[in-house]
Amino acid sequence: AQSVTQLGSHVSVSEGALVLLRCNYSSSVPPYLFWYVQYPNQGLQLLLKYTSAATLVKGINGFEAEFKKSETSFHLTKPSAHMSDAAEYFCAVSRTAANAGGTSYGKLTFGQGTILTVHP
Amino acid sequence: DARVTQTPRDKVTEMGQEVTMRCQPILGHNTVFWYRQTMMQGLELLAYFRNRAPLDDSGMPKDRFSAEMPDATLATLKIQPSEPRDSAVYFCASSLSSGYNEQFFGPGTRLTVL
């Protein structure tokens with residue numbers, strides 16, 4: 001079964017500091033991997049996704065993530081944190097599932113989320 | 001710009017009452033998802049529709065929850081009867097053609113069952 005583990009439910013950084021949010025996945029096949037962000041009282045918004053092309057993926061708002069197969073990791077980074085980056089971040093893996101009728105489809109499994117706090 | 005819309009945004013009800021949540025997916029998206037988010041369980045997939053047909057509703061308590069897509073522009077999630085443990089934020093998301101593509105989330109319905 002495919003799953004994701006986010007290390008650290010809370011991360012706190014100073015404005016201007018490096019942001020590093022950790023995600024490890026387990027997958028028996030090359031996965032599709034995603035990072036989503038959730039601002040307070042809003043739905044999730046896609047930051048970036050890995051679909052087996054370049055291992056370094058650039059997303060919106062200056063975020064990027066690197067797929068490392070040997071480490072089964074997909075950590076999210078940003079060189080310099082802004083106050084507006086304060087939010088909850090979710091790593092997700094897409095796996096192929098099948099329903100009772102045998103129809104296959106892609107299904108996202110989310111990590112538990114990491115709340116990022118940015119201090120002035 | 002194209003967005004997933006959900007109504008109501010907030011709902012407070014008493015135990016035993018029926019609750020209906022509505023979602024309008026992005027025009028042209030043929031895949032619709034219902035998720036539930038709680039502090040304890042995180043994000044859970046409740047139901048998954050493709051071309052208005054349910055592909056997976058194994059995450060949904062069958063005795064009280066039902067999900068439908070009466071047409072391509074409307075998805076509904078109904079709870080009858082509601083219970084306090086159903087209190088959560090319910091998200092609808094839509095995507096193009098399959099679950100491997102980006103899912104666009106609505107703003108959610110915050111349900112409180114007293």
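Side chains are part of it too, since the values below use all heavy atoms of this structure and drop only hydrogens, waters and symmetry mates. Below, chain A is the first sequence line, B the second, and so on; all start at residue 1.
One distance of note links OG of B:Ser95 with CG of A:Leu108; it measures 8.5 Å at 0.5 Å rounding. A distance of 5.5 Å separates OH of A:Tyr36 from CD of B:Glu102, quoted to the nearest 0.5 Å. Rounded to the nearest 0.5 Å, atoms CZ (B:Phe104) and CG (A:Leu46) are 7.5 Å apart.
Within residues 34-45 of chain B, the residues that have a heavy atom under 4.5 Å from a heavy atom of chain A are B:Tyr35, B:Gln37, B:Met40, B:Gln41, B:Gly42, B:Leu43, B:Leu45, listed by number. Taking 4.5 Å as the heavy-atom cut-off, the residues of residues 51-84 of chain B that approach chain A are B:Leu55, B:Asp56, B:Ser58, ordered by number.
Hydrophobic cluster membership differs between A:Phe110 and B:Val32, with clusters built from Ile, Leu, Val, Met, Phe, Trp and Tyr side chains linked at under 4.5 angstrom. Residues B:Phe49 and B:Phe91 do not share a hydrophobic cluster, defined by chaining ILVMFWY side chains whose heavy atoms lie under 4.5 Å apart. A:Val13 and A:Ile115 are members of different hydrophobic clusters when ILVMFWY side chains are connected at heavy-atom separations under 4.5 Å. B:Met15 and B:Tyr90 fall within a single hydrophobic cluster, where Ile, Leu, Val, Met, Phe, Trp and Tyr are joined by side-chain heavy atoms under 4.5 Å apart, directly or via other members. Linking Ile, Leu, Val, Met, Phe, Trp and Tyr whenever their side-chain heavy atoms come within less than 4.5 Å puts A:Phe67 and A:Tyr89 in one cluster.
Within the 4.5 Å cutoff, the side chain of B:Gln103 has no heavy atoms near those of the A:Leu44 side chain.
Of the two parts of A:Gln112, only the side chain, counted from C-beta on, holds a non-hydrogen atom closer than 4.5 Å to a non-hydrogen atom of chain B. Residue contact with chain B, scored on non-hydrogen atoms closer than 4.5 Å, involves the side chain of A:Gln38 exclusively.
Applying the salt bridge (charged side-chain N to carboxylate O under 4.0 Å, His left out) test to pairs two or more places apart or on separate chains, those with a residue in residues 54-65 of chain A are A:Lys58-A:Glu64.
Annotation for B:Leu114: hydrophobic cluster partners, listed by chain and number, are B:Val12 (ILVMFWY side-chain heavy atoms under 4.5 Å, direct or chained).
For A:Leu56, the CG atom counts as densely surrounded, since its 6.0 Å shell holds more than 12 non-hydrogen atoms of other residues, nucleotides or ligands.
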